[in-house]
Structures are given as C-alpha cells and as structure tokens.
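Just follow the structure's listing: the first ligand is 1, and inside any ligand the first atom is 1. Just the heavy atoms: all of them, side chains too, but no hydrogens, waters or symmetry mates, feed the values below.
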Amino acid sequence: MKLIFAIVNNDDSSSVATSLTAAGFSVTKLATTGGFLKAGNTTFIVGTEDEKVDEVLEVIKAHSRKRTQVMPVTQSFTPGLFSSVPVEVKVGGATVFVLNVERFEKC
Ligand code: 2BA
C-alpha cells in the first residue's frame, strides 16, 4: 500500500477532490501554505493499493494546471529607501510524494 501526498493549487483543489472521489478513492484534504509564496494551497492525502497509484496520479495531473503567480520582491538601493518589484513565479501543476505504508488499519 502507498500513501500519496499531493500539493495542488487552491484553484484546482475542488476539481481534484471531486474527480478522485468520483473515481472511487478515499481522500483527505488539508489546508496548507507554501513556504515560498506564503499563499494557501491544498494538500491531498490518499491511501491506496500499489497498483492504483498511477491512476491517482493521472487524475491529479489531469486537473492540476501550471500557472504563473506574481509576488512582490522588496529591494533597497539606498539606506531607508525601498521599492517593491513584481516577480513572476511559475507554480505547479501538482507536487507529489509517494510513500510506502508499513501498516494500515481502521480501528
Ligand atoms: P511555495 O513554497 O509557495 O512555492 C511556490 C512556487 O515558487 C514553486 O512552485 C516554485 O516554482 C517556486 N519556488 C519555491 N521555492 C523556491 C525557491 N527557494 N526559489 C525560487 N523559487 C521557488 P512548485 O514547485 O509548483 O511548488 C508549489 C508548492 O508545492 C510550494 O509552494 C510548496 O507548498 C509545495 N512544494 C513544492 N516542492 C516541495 C517540496 N520539495 N517539499 C515540500 N513542499 C513542496
């Protein structure tokens, strides 16, 4: 058995959740925050059989778009004088980790 952690953009989370559920997978959604952009994203936890991992990844890929987000970067040319420059950051699709599960129980 595997445990899949998938970090997706908040804008894609609803369709990822709906599609995974419709495909018969049990899903847990966590509200998370990216350390770099400090913007909200969604982390999905999916426990599934080894042979179904690719199917889960296909569903996640199909609903996770790549996008560009703009973040302000503050710079200083002279002491005490700051200006903020918008910088484009490419985000996504999904960032996925697949882990082995040692034991799974529903108690
Ligand atoms: P954030 O940390 O907010 O990162 C958003 C996007 O900013 C990243 O997109 C990447 O393109 C860029 N980025 C991140 N750290 C950077 C850095 N030190 N220098 C320059 N650019 C940087 P993605 O790679 O698609 O990641 C989207 C979100 O997935 C991340 O949000 C984070 O929450 C998570 N993530 C990505 N890689 C991870 C990892 N290795 N471990 C844990 N979480 C990860």
Is there a path from [X] to [Y] through hydrophobic residues (I, L, V, M, F, W, Y) whose side chains come within less than 4.5 Å of each other?
X     : Y     : result
Val53 : Phe44 : yes
Ile4  : Met1  : no
Phe25 : Phe5  : no

Quiz prompt | Neighbouring residues of ligand 1, heavy-atom cut-off under 4.0 Å | solution = Ile7, Gly34, Gly35, Phe36, Leu37, Asn41, Val89, Lys90, Val91, Gly92, Thr95, Phe97
Under 3.5 Å, which donor-acceptor pairs link side chains of residues 11-19 to any protein atom two or more places apart or in another chain?
residue : atom : partner : partner atom : Å
Asp12   : OD1  : Arg67   : NH2          : 3.2
Asp12   : OD2  : Arg65   : N            : 3.0
Asp12   : OD2  : Arg67   : NH1          : 2.9
Ser13   : OG   : Asn10   : O            : 3.0
Ser15   : OG   : Asp12   : O            : 3.3
Thr18   : OG1  : Ser14   : O            : 2.8
Ser19   : OG   : Ser15   : O            : 2.6
Ser19   : OG   : His63   : NE2          : 3.0

Quiz prompt | Nearest-0.5 Å distance, CG of residue Asn9 to OG1 of residue Thr42 | solution = 8.0 Å
Self-check item: Test item: Glu55 and Thr48 side chains (from C-beta on) under 4.5 Å apart, heavy atoms
Solution: no
